[in-house]
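Computed from a prediction, not measured in an experiment: that's the story for all the values here. In what follows, chains carry the letters A, B, and so on, assigned in the order in which the sequence lines appear, proteins first and then strands, with residues in each chain numbered from 1.
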Protein chains: 2
Amino acid sequence: MKPTDSNIFFPRSSKVYVTGSRPDIRVPFREIELAHTLNKDGSQKNFNAPIRVYDTSGPWADCAQCTLPMLREEWIAEREHATQLELARGGTITPEMEYIAIRESVEPEFVRDEIAAGRAVIPVNRCHPECEPMIIGRKFRTKINANIGNSALGSSIEEEVEKMRWAILWGADTVMDLSTGKQIHETREAILRHCPTPIGTVPLYQALQKVGGDIDALNWDVYKETLIEQAEQGVDYFTIHAGVLKEHIPLANSRLMGIVSRGGSILAQWMQNEGEENFLTTHFEEICEILKKYDITFSLGDGLRPGCLADANDAAQFGELKTLGELTQIAWKHGCQVMIEGPGHVPMHKIKENMDKQLADCFEAPFYTLGPLVTDLAAGYDHMNSAIGGALIGWYGCSMLCYVTPKEHLGLPDKDDVREGVVAHKIAAHAADLAKGIPNAQERDNAISLARFEFRWEDQFNLCFDPERALRFREQSMPPGEEFKTEQRYCSMCGETFCSMRINHDIRENAE
Amino acid sequence: MKPTDSNIFFPRSSKVYVTGSRPDIRVPFREIELAHTLNKDGSQKNFNAPIRVYDTSGPWADCAQCTLPMLREEWIAEREHATQLELARGGTITPEMEYIAIRESVEPEFVRDEIAAGRAVIPVNRCHPECEPMIIGRKFRTKINANIGNSALGSSIEEEVEKMRWAILWGADTVMDLSTGKQIHETREAILRHCPTPIGTVPLYQALQKVGGDIDALNWDVYKETLIEQAEQGVDYFTIHAGVLKEHIPLANSRLMGIVSRGGSILAQWMQNEGEENFLTTHFEEICEILKKYDITFSLGDGLRPGCLADANDAAQFGELKTLGELTQIAWKHGCQVMIEGPGHVPMHKIKENMDKQLADCFEAPFYTLGPLVTDLAAGYDHMNSAIGGALIGWYGCSMLCYVTPKEHLGLPDKDDVREGVVAHKIAAHAADLAKGIPNAQERDNAISLARFEFRWEDQFNLCFDPERALRFREQSMPPGEEFKTEQRYCSMCGETFCSMRINHDIRENAE
C-alpha cells in the first residue's frame, strides 16, 4: 500500500479532524462527500450533507511520510504512572477518554464510567504513543481485529508492515502480530512504529522461539523477559493463557479435537511434561505488576476454545472461562484492564450461552471472540462462516470480533485475504451495531439507500465498505460498448424496462 | 461446465442411489470416500465410513449425454389429475413423497403429513417429469434457490443453461429463471429440459415483454396466456404478486426506497394508471385453477419487500403479508400448494418478527426469503451480508433462502458469482439446520473435524462445501519449493513447531 491508497480505494473521501478541549486532541474521521440530488432538468433539488465515518487508517490516508506523530507523548508525560482503569476509578477523564468520546459520539463521563466499571478497555501502552486511542466495550461500536504475522514457512518484515497498513485501511480497529517465524522482535518493532491502532501479541510464541521451540525448556524467567521486552516496545495488549489449568487437560483429551489454541496446547504439554501447574497462573500477580506499569491490557486467552462444533460449550471450555473470571478480579485488584477471549467453532443455537456465561463469569469484562464459526465445513469461505457467528455474538454483546480470512484452516493469509477478512467482519460488526441499537448506526445505511433510489451511482459506491470493488463489479457486468455511465437510470441486472427504481420515480411523479 | 465437472470439483465423490419400494424410485446421494486413520507406522488404525450428502446436481455428475431421464413420467401417468396437496390430504403417499422421505431421512408418512397440513410443498409440475422430487418446508433441510436469467443487457441461452448446471453442481435446490431479455421462451425451454431441480419463474416478466414493455398494455388475457404457456413447458413454481393492492401504494410512496420488487413496481404502476385493483388479485381463483391442473406451486411474491433497513417491517410490508395469508387460504381451498416470499433488507433484531408474523398470518405455509440483508452498505459483498440474515431466518423457521451474489445491486452475476453465491448460502442453510436440530446435520462436520485432527488433508478438502477452492488455497499458501504434501502434519499458518494439532497428538500419546 502506498500512502495515497486511501484516495484510490475511497474516492471523494477526505480525512477531517474534530478538536477536543485541548488542541492536541484531534480526532480523525473519514468524510464522504455526496452529490446533490438533481431534478429531471439537471438542476439541484437537494444538498446532501457529507457522511462522517469512524476511521482506523491513521495518518497514512493523508501524508506521504513514514513517521507517525507521537500523538500521546504529552498526555503520558503529564500524568503519574497509573492505568486508565485507575484514573477512571479516581474520577479522571483522561485525554484518551475524551478522544474516544468524540470518536464514538458519546459523553466523556460515559466513557470514564464504562472503563471504571471494567466493562470497557482502552488498550494503549505508555510506550506506544503513536497509537490513536480507541475503546473496546459492548456499549460502543463493535470492533474488529486483524491477525497478521509471519510463520516459519513464510513472509518478510516489509510484507507484514504492508499487511498491517492494508488491514487498518479496510477498517481493522486493532492488529495482532502473531509472528512465529524469523525476526520476531524486528517484525514487531517495524509494525509498532508504523501502526496508529493498538497492537496485540501472544508473548508465549516468542518465549518458545527463544528456547528453540523446545516446550520443556519454557519457564517463567524466559517468559517474563519476553513480556518486558514486548512491553518496552509498546505492545498494547497481551494474550495470556493463564486460564488453562492442569485439571482441564483430561477434559480436553476426551474431546473430538482436543486443544486447538496454539498457546493452550503448548502450555498443556508443558504442564503434562513438568507435572506442574501453568506457570502463567502461578505467576499471575507478577504479570499484573508488569502490565500495570505500562498500562497494557490483558486479553485473557481461551486456550481451551472449541475447534469444532462437537466440542462447543463443553466442560473444558466453560471450566477455563470460570478461571478467567477469577483472574479478571485479580487483575482488576492490581488496576489492570482486562478483556476475555472467546471461541471458536460454535453452532448458532449455542452462541448466546457463550455470551451470557462470559458476562456472568467474567463480571462484564469485554468479550473478544474469534468468529464463532457456525459450521466446520467452510474452508475457503471461513470469513463468511465467521461473519455469521460474529454478527450474532456482536448483537448479543461481544465487544470485538477477531477476523477470520478465507485461508483459515488452510494457510497464511495474503493481502487479498486480509481485505476479504476485514470487510466480511466490518459487515458483521456493523450488523451487530444496528441490531444492538448503537446511536446513529443506521445513518450511513440510510444515505446509501437514498443514493440508490436516486441513481446517484458514485455515492452508492463511495458509501460502501469497499467502493473500489463495487465500482469494478459494476463495470465488469456491463456489456462491451455499454460501459458504465454515472447518469444511467438502471443496471445490467434488470435493464431499463424492468428497473423497479425507475418505475418508482414514474409512480411518484404521477402521484404528484 | 462439462458433465465430468463433478469429478474435477468433488474428488473422491461418487453418485450412489438408494432404491425405494419400487425400482423406479432411485434417490441420488453424493458419497464422499474417506481415507483410513493411520497409526504412526503407516498401518491402518480405523476404517472411516464414507459420508453421504444430499445431492442436487442430477445425472450430470455421472453421464456424458445431454438428455435427462423422464424420472417421473410413469408416476404422473399412473394417477388422476390431482395435486400433491390433494393426494396428501386424501392419505396417499405418492412416489414423490417416498423419494423425498429417503432423500431427507424421514418417514414417508411424515412427509405426507407436512404436505397435507400445507407446512411444506413439493414444487414439481406434471410437465416437468425430468425433475427430481424435493421438498420445501421448515421441518426439512433448509433449501436454497439460485436466480439466473438474462436481461436486456446481456447473456445467451447457452450461458444461462450453463449457469443453471453450475448452480446445481454447487448445491442450489431450485433455480429461478428470471429472464427479462431476448428469447425468454426459448431460454426457459432449454433450461427446463436440462434441469433436474424445480424451476421457478415470474410470469409477469414475459407478459410485460409480450406487450412490448408497455405497462399500460398489460391485462389479464396476456398474463393468462403466459401462465399457460409456461405451465405447459413445465415451470414448477410461479412467483405471483397478487398481494400488492391499491391500498398499499400510498404506504409504499412514503418509504425511503418505495417498491424495489420488479413485479411489485410494475403492478403498482398499472394500478395507478388504470385506477383498478391488481388483476392478479381479482383473477386469483382463475389462477388457482390453472396452477392446480399442472400442480404448480404458488410462490406468493412479496412485491412490497423492504429494499433498505429504513423500510423494514413497515405497514406496506406487513399489510401485503396479511393479504398473502388470505390468498394462501384461497389457494389451499383449490388444492394448490403455496409458499410465501419474504424480504429483503432487515436488520438482525427485526428478523424474528418477520418469521413469527409470516407463520401466524400465512398459517405456517413455507417461507422463502431473499436474504435478508442485514445492512445496506455491503455492495460487492452482499452474498455474505445475505448469508448472515439467511442463517438467522433459517434457524427461526424459514424453509428456503434465495441466494444473493456478490453482484447484487451492481449487475448481472456471472458463473463465478453464482458459485460464490450458492456456497455462501449453503453455509447459511447448513448453519440453520444445525441450529434448528435437523437430525444428523452435524455428521459431516464431525467427520471433517476428525479428519482435521488426524491430518487427513484430502478428506478435509473433500468434505468441504468447495473442495477445489480449499485445495487451491492451501497450495497457494505454501512457499515455493514446499508444495503441498498430503502427509504434512502442519500448514503454513503455524508451521510445525506451533501446530496445536501436532502438539495434541504428542499430549495424548504421553497420556497413554
Student: If I take atom CG from residue A:Leu410 and atom SG from residue B:Cys464, how far apart are they, to the nearest 0.5 angstrom?
Tutor: 7.0 Å
Student: Is a side-chain donor or acceptor of B:Arg469 paired with a backbone partner of A:Gly380 at a separation under 3.5 angstrom?
Tutor: yes
Student: Is there a side-chain contact between B:Ile503 and A:Trp270, using heavy atoms and a 4.5 Å cut-off?
Tutor: no
Student: Please look at A:Ile215 and chain B and tell me whether the side chain, the backbone, both or neither of the residue comes under 4.5 angstrom of a heavy atom of that chain.
Tutor: side chain
Student: Please rank B:Ala378, B:Ala428, B:Gly389, B:Ala391 by heavy-atom pairs under 4.5 Å with chain A and give me the top one.
Tutor: B:Ala391
Student: Within a strict 4.5 Å, meaning less than it, do heavy atoms of the A:His349 and B:Lys436 side chains meet?
Tutor: no
Student: Measuring heavy-atom distances to chain B, does A:Ala252 have an atom under 4.5 Å in its side chain, in its backbone, in both, or in neither?
Tutor: backbone
Student: Flag the pair B:Val260 / A:Met501 as yes when at least one side-chain heavy-atom distance between them is below 4.5 Å, and no otherwise.
Tutor: yes
Student: To the nearest 0.5 Å, tell me how far A:Lys426 NZ sits from B:Leu377 CG.
Tutor: 9.5 Å
Student: Is a side-chain N or O of B:Arg474 found less than 3.5 angstrom from the main chain of A:Gly411, in a donor-acceptor match?
Tutor: no
Student: Name the residue from B:Met384, B:His383, B:Glu420 that meets the side chain to side chain contact (heavy atoms under 4.5 Å, CB included) definition with A:Tyr381.
Tutor: B:Glu420
Student: Taking the side chain as C-beta and beyond, is there a heavy-atom pair between A:Asn385 and B:Phe465 under 4.5 Å?
Tutor: no
Student: Hey, what do you get for SG (A:Cys499) to CD1 (B:Ile266), rounding to the nearest 0.5 Å?
Tutor: 10.5 Å
Student: With a 4.5 Å cut-off on heavy-atom pairs, point out which of A:Gly264, A:Gly437, A:Pro406 contacts chain B the most.
Tutor: A:Pro406
Student: For B:Asn446, which atoms come within 4.5 Å of any heavy atom of chain A: side chain, backbone, both, or neither?
Tutor: both
Student: Between the side chain of A:Asn504 and the main-chain N/O of B:Ile259, is any donor-acceptor distance below 3.5 Å?
Tutor: yes
Student: Between B:Asn273 and chain A, which part of the residue has a heavy atom less than 4.5 Å away: side chain, backbone, both or neither?
Tutor: side chain
Student: Counting heavy-atom pairs closer than 4.5 Å to chain B, which one of A:Ile448, A:Leu463, A:Leu178, A:Asp506 comes out on top?
Tutor: A:Ile448
Student: Name the region of B:His505, side chain, backbone, both or neither, that has any atom closer than 4.5 Å to a heavy atom of chain A.
Tutor: neither
Student: What part of A:Asp214 is in contact with chain B, defined as an atom under 4.5 angstrom from a non-hydrogen atom: side chain, backbone, both or neither?
Tutor: neither
Student: Going by the side chain to side chain contact (heavy atoms under 4.5 Å, CB included) test, name the single residue among A:Lys407, A:His409, A:Glu408 that passes it with B:Phe473.
Tutor: A:Lys407
Student: Could you check which of B:Pro347, B:Gly181, B:Ser261 has the highest count of heavy-atom pairs closer than 4.5 Å to chain A?
Tutor: B:Ser261
Student: Looking at A:Ile507, A:Ile388, A:Ile427, which makes the most heavy-atom pairs under 4.5 Å with chain B?
Tutor: A:Ile507
Student: Name the option with the most non-hydrogen atom pairs under 4.5 Å to chain A; the candidates are B:Asp417, B:Asp414, B:Leu208, B:Ile249.
Tutor: B:Leu208
Student: For A:Ile351, which atoms come within 4.5 Å of any heavy atom of chain B: side chain, backbone, both, or neither?
Tutor: neither
Student: So which part of A:Leu450 gets closer than 4.5 Å to some heavy atom of chain B, the side chain, the backbone, both or neither?
Tutor: both
Student: For chain B, find which of A:Ala379, A:Gly390, A:Ala432, A:Pro467 contributes the most heavy-atom pairs closer than 4.5 angstrom.
Tutor: A:Ala379
Student: Among A:Arg452, A:His430, A:Gln476, A:Gln269, who wins on heavy-atom pairs under 4.5 Å with chain B?
Tutor: A:Arg452
Student: Taking side chain as C-beta onward, heavy atoms only, is B:Leu434 less than 4.5 Å from A:Met348?
Tutor: no
Student: Could you check whether A:Thr375 and B:Asp445, counting side-chain N and O atoms only, form a donor-acceptor pair closer than 3.5 Å?
Tutor: yes
Student: Any heavy-atom pair between the side chains of A:Trp395 and B:Leu392 that's under 4.5 Å?
Tutor: yes
Student: A:Pro250 versus chain B, heavy atoms under 4.5 Å apart: side chain, backbone, both or neither?
Tutor: neither
Student: May I ask you to test the B:Ser449-A:Leu256 pair for a side-chain heavy-atom distance under 4.5 Å?
Tutor: yes
